[in-house]
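Atoms considered below: every heavy atom in the structure, side chains included; atoms not considered: hydrogens, waters and symmetry mates.
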Amino acid sequence: MRIRKEPDTAEDGEILLISQVSDAFAHPVRIKMFRYIMKCNREMAPVCNKDLIREFGYAQATTSQHIAKLIEANLIETRKEEKFTYLYANL
């Protein structure tokens with residue numbers, strides 16, 4: 001018995017997006033950080049790297065690496081205001 005494959009309807013861009021998002025959410029901490037950023041955004045509360053460090057207790061370098069993965073996957077955007085960089089969920 002042969003099973004016929006369904007035609008691939010996903011565009012290359014969609015496949016790349018799925019791959020990037022999957023990679024970004026591969027670590028549970030990044031999911032938690034993204035959810036925290038979304039929560040702060042809903043409450044109209046500004047959130048930056050120092051807020052994530054305080055909330056999750058990770059070193060600044062570790063937090064920055066996790067945030068970089070989320071930015072790379074276009075899940076969050078940043079806006080620089082004076083000396084702080086604020087994070088926004090890109091939904």
Is the closest side-chain heavy-atom distance between Phe34 and Ile76 below 4.5 Å?
-> yes
Rounded to the nearest 0.5 Å, how far apart are CD1 of Ile67 and CG of Leu75?
->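 Atom-to-atom, Ile67:CD1 and Leu75:CG are 10.5 Å apart.
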Got a second to check how far Met38's CE is from Met33's CE, nearest 0.5 Å?
-> 15.0 Å
Review item, side-chain donor-acceptor pairs of residues 18-26, under 3.5 Å, at least two apart:
from, atom 1, to, atom 2, distance (Å)
Ser22, OG, Ile18, O, 2.8
Asp23, OD2, Lys69, NZ, 2.8

Determine, stepwise, if the pair Leu52 / Leu87 fulfils side-chain contact (heavy atoms from CB on, under 4.5 Å).
-> CA-CA 10 Å; Leu52 295 174; Leu87 308 168; 3.6 Å; yes
Other hydrophobic cluster members with Tyr86, side-chain heavy atoms of Ile/Leu/Val/Met/Phe/Trp/Tyr under 4.5 Å, chained?
-> Phe84, Tyr88
Any pair counted as side chain to side chain donor-acceptor pair (under 3.5 Å), so long as it reaches residues 35-48, sequence neighbours left out =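 The answer is none; no pair qualifies.
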Listed partners of [X] passing side-chain hydrogen bond (donor to acceptor under 3.5 Å, both in side chains), at least two apart:
| X | answer |
| --- | --- |
| Ser64 | Asn49, Gln60 |
| Asn74 | none |
| Asp51 | Arg54 |

In chain order, what residues pass the side chain to side chain contact (heavy atoms under 4.5 Å, CB included) check against Glu77, with sequence neighbours excluded?
-> Arg79, Asn90
Which atom pair, heavy atoms only, marks the closest approach of Tyr58 to Val29?
-> OH-CG2, 3.2 Å
Residue pair Thr63, Phe56: steps toward the side-chain contact (heavy atoms from CB on, under 4.5 Å) verdict | CA-CA 9 Å; Thr63 302; Phe56 295 100; 5.9 Å; no
Are Ile53 and Ile31 connected, step by step, through hydrophobic side chains (Ile, Leu, Val, Met, Phe, Trp, Tyr) whose heavy atoms are closer than 4.5 Å?
-> no
